[in-house]
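Worth saying up front: this structure is predicted, and the values here are computed from it rather than measured. Quick note: numbers below take in every heavy atom, side chains included, and nothing from hydrogens, waters or symmetry partners.
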Amino acid sequence: MSSTDQRDEFKNRLSSFLFQEGELEVKKISVIKPYVCYLKTVENEALILKGHRIKENVEQQWEFLNALADSNCVGFTRYPNGRKFITRKNYHWTLAPYIKGEKLNYNFPQDRTKAVRALKSFHKYARNIVVSRPLSKDIFYIRWNKRLLSFKKTEYLFNENGFENLYKDIVQTTVVQLKLAMQFPWKRYEYEARRKGIWVHGDVASHNFIKNKSTYLIDFDLVHSTPQIHDYIQLGQRYLPYLEWSLDDLLSYDMVQDSEKQIWLQTIMIPSDVLREWLHYLADNRTITVFEYLSQLEESWEKRRIFLKNTKLMLKLS
């Protein structure tokens, strides 16, 4: 069977499944990526179909998004027969309205500003929200320490390609900065956030913001109840490579209040993003060689070291 025939067979089976389980009639199906499709219904409604592995996560998203009043956050919509999701082969399929527009690009200053504004709007509404069975999640330093342990298993790749010192510096910096960040009372912050029903998006990558006349926030797979500063820690880490690791430029976005800047910067200095991207690179189809990747990482790491030095100095003087 040709690849075209296989695609047609998949679309036919999917169309039949959507009608049988959700009474949804579609006339067009386009695969965006694995388990995510663009649909056009017979009524010309444009939808996004997404498959989820964990049923409890889908149920939590439904509860959270129903309680969220921010109109620029794209939630789920029911199937024509009223079902919230339909299930096939251990995947739970949801529908969401399709938002026409472009993904943000953090290379552009105006897009970075739009992301901060959209996130602040989301955070304003993501309060006092209670769901019936909230999913538990390890505190960030536990998750990041597990990530570090996975990173350490790849030491041989650094050694084979002549980047022994880079590996040692990344590990040492991660260990030191984790210890410094853990001095703050995070468990108390976590408890207060859950008690007050405060939530974060959890994945502020640029592709989760869609811009047209407004800026929309999509994909709430990682939404959970925790201090909202966590979204800004991740956002700051994502911005820094586009800011040439300038501390002044990062501070100009006013992500957090002055009272939060010390804990925010102290946590941003943990190179958890380096560990995450390296492990993603190894897990996905590699478009460049390990040597090329580590060469680029070494260059950016030198800029990060200057940022760390400047940030430590500022924190010491403040």
Side-chain angles (χ1 to χ4, degrees), residues 30-39 46-54 57-58 60-77 85 92-126 129 135 137 140 143 198-243 250 253 255-256 268 272-273 276-277 279-281 283-284:
S30 300
V31 178
I32 299 175
K33 61 182 180 180
Y35 306 107
V36 180
C37 297
Y38 167 85
L39 306 179
L47 299 168
I48 294 295
L49 175 73
K50 183 172 182 178
H52 310 258
R53 290 296 300 269
I54 302 173
N57 182 276
V58 178
Q60 175 174 273
Q61 288 183 68
W62 257 105
E63 276 196 76
F64 172 80
L65 291 165
N66 276 349
L68 186 70
D70 190 347
S71 61
N72 286 344
C73 292
V74 183
F76 296 141
T77 188
F85 57 88
H92 311 285
W93 296 89
T94 58
L95 294 176
Y98 169 74
I99 302 297
K100 188 175 182 180
E102 298 178 358
K103 300 173 184 177
L104 291 189
N105 184 340
Y106 289 161
N107 194 45
F108 302 136
Q110 62 271 27
D111 280 12
R112 295 195 293 266
T113 298
K114 288 177 180 178
V116 173
R117 288 175 180 169
L119 195 56
K120 285 189 175 183
S121 173
F122 166 71
H123 284 168
K124 185 174 90 172
Y125 293 101
I129 294 179
L135 301 180
K137 195 168 187 177
F140 79 94
R143 300 198 308 271
I198 294 173
W199 296 70
V200 298
H201 179 274
D203 185 3
V204 292
S206 57
H207 59 255
N208 284 329
F209 295 88
I210 304 295
K211 64 177 180 180
N212 48 38
K213 293 180 180 179
S214 299
T215 305
Y216 295 89
L217 197 52
I218 64 172
D219 195 348
F220 292 84
D221 285 354
L222 299 182
V223 69
H224 61 287
S225 183
T226 196
Q228 292 177 336
I229 195 172
H230 285 299
D231 273 343
Y232 296 118
I233 292 167
Q234 186 187 144
L235 196 64
Q237 289 179 332
R238 290 184 180 276
Y239 279 15
L240 279 166
Y242 300 99
L243 302 175
L250 178 64
Y253 285 92
M255 294 187 194
V256 299
I268 278 179
S272 60
D273 55 313
R276 178 191 66 226
E277 295 305 319
L279 295 173
H280 282 178
Y281 161 75
D284 296 338

If I compare all heavy atoms of I229 with all of V256, which pair ends up nearest, and what's the gap? CG1-CG1, 4.2 Å
Test side-chain contact (heavy atoms from CB on, under 4.5 Å) on L49 and T94; report intermediate values, then the result. CA-CA 6 Å; L49 175 73; T94 58; over 6 Å; no
Counterpart residues, ring-ring contact (aromatic ring centres under 6.0 Å, His included), relative to Y216 (two or more places apart): none
Heavy atoms from other residues, nucleotides or ligands near OH of Y38 exceed 12 (cutoff 6.0 Å): yes
Is it the case that atom CD1 in I32 sees more than 12 heavy atoms from other parts of the structure closer than 6.0 Å? yes
Once you round to the nearest 0.5 Å, how far does CG of L222 lie from NE2 of H230? 13.5 Å
Side chain of S225, backbone of I198: donor and acceptor closer than 3.5 Å? yes
Can you list the residues that meet the ring-ring contact (aromatic ring centres under 6.0 Å, His included) rule with Y253, with sequence neighbours excluded? Y239
Return the OG1 to CH2 distance between T226 and W199, rounded to the nearest 0.5 Å. 10.5 Å
Only one of D111, D273, D203 forms a salt bridge (Lys or Arg N to Asp or Glu O under 4.0 Å) with R238, so which one is it? D203
Could you give me the CA-CA distance, side-chain angles and deciding distance for M255 and I233, then say whether side-chain contact (heavy atoms from CB on, under 4.5 Å) is met? CA-CA 9 Å; M255 294 187 194; I233 292 167; over 6 Å; no
Any residue meeting ring-ring contact (aromatic ring centres under 6.0 Å, His included) with H224, in chain and number order, not counting sequence neighbours: none
Solution key, residues 98-108 side-chain donor-acceptor pairs under 3.5 Å, sequence neighbours excluded:
{"from": "N105", "atom 1": "OD1", "to": "N107", "atom 2": "N", "distance (Å)": "2.9"}
{"from": "Y106", "atom 1": "OH", "to": "V204", "atom 2": "O", "distance (Å)": "2.7"}

Rounded to the nearest 0.5 angstrom, the OG1-NZ distance for T215 and K114 is 5.5 Å
Less than 6.0 angstrom separating the ring centers of Y232 and H123, yes or no? yes
Shortest non-hydrogen contact from F64 to F220? CE2-CD2, 4.3 Å
Those residues at least two apart in sequence (or on a different chain) that pass side chain to side chain contact (heavy atoms under 4.5 Å, CB included) with R117 are T113
For I268 and Q237, work out which heavy atoms get closest and say how close. O-NE2, 3.3 Å
Going by atom type alone, with no hydrogens or angles, which donor-acceptor pairs under 3.5 Å involve a side-chain atom of residues 65-76 and a protein atom two or more places apart or on another chain?
{"from": "N66", "atom 1": "ND2", "to": "W62", "atom 2": "O", "distance (Å)": "3.4"}
{"from": "D70", "atom 1": "OD1", "to": "N72", "atom 2": "N", "distance (Å)": "3.0"}
{"from": "D70", "atom 1": "OD2", "to": "S121", "atom 2": "OG", "distance (Å)": "3.1"}
{"from": "D70", "atom 1": "OD2", "to": "F122", "atom 2": "N", "distance (Å)": "3.2"}

Would you give the length of the straight line joining atom CG of L240 to atom CG of L250, rounded to the nearest 0.5 angstrom? 5.0 Å
Verify side-chain contact (heavy atoms from CB on, under 4.5 Å) between R112 and L243, making sure each step is shown before the conclusion. CA-CA 10 Å; R112 295 195 293 266; L243 302 175; 3.5 Å; yes
Ion pair D231/K120, N-O distance below 4.0 Å: no
The residue among H207, Q61, H201, K50 that forms side chain to side chain donor-acceptor pair (under 3.5 Å) with D219 is K50
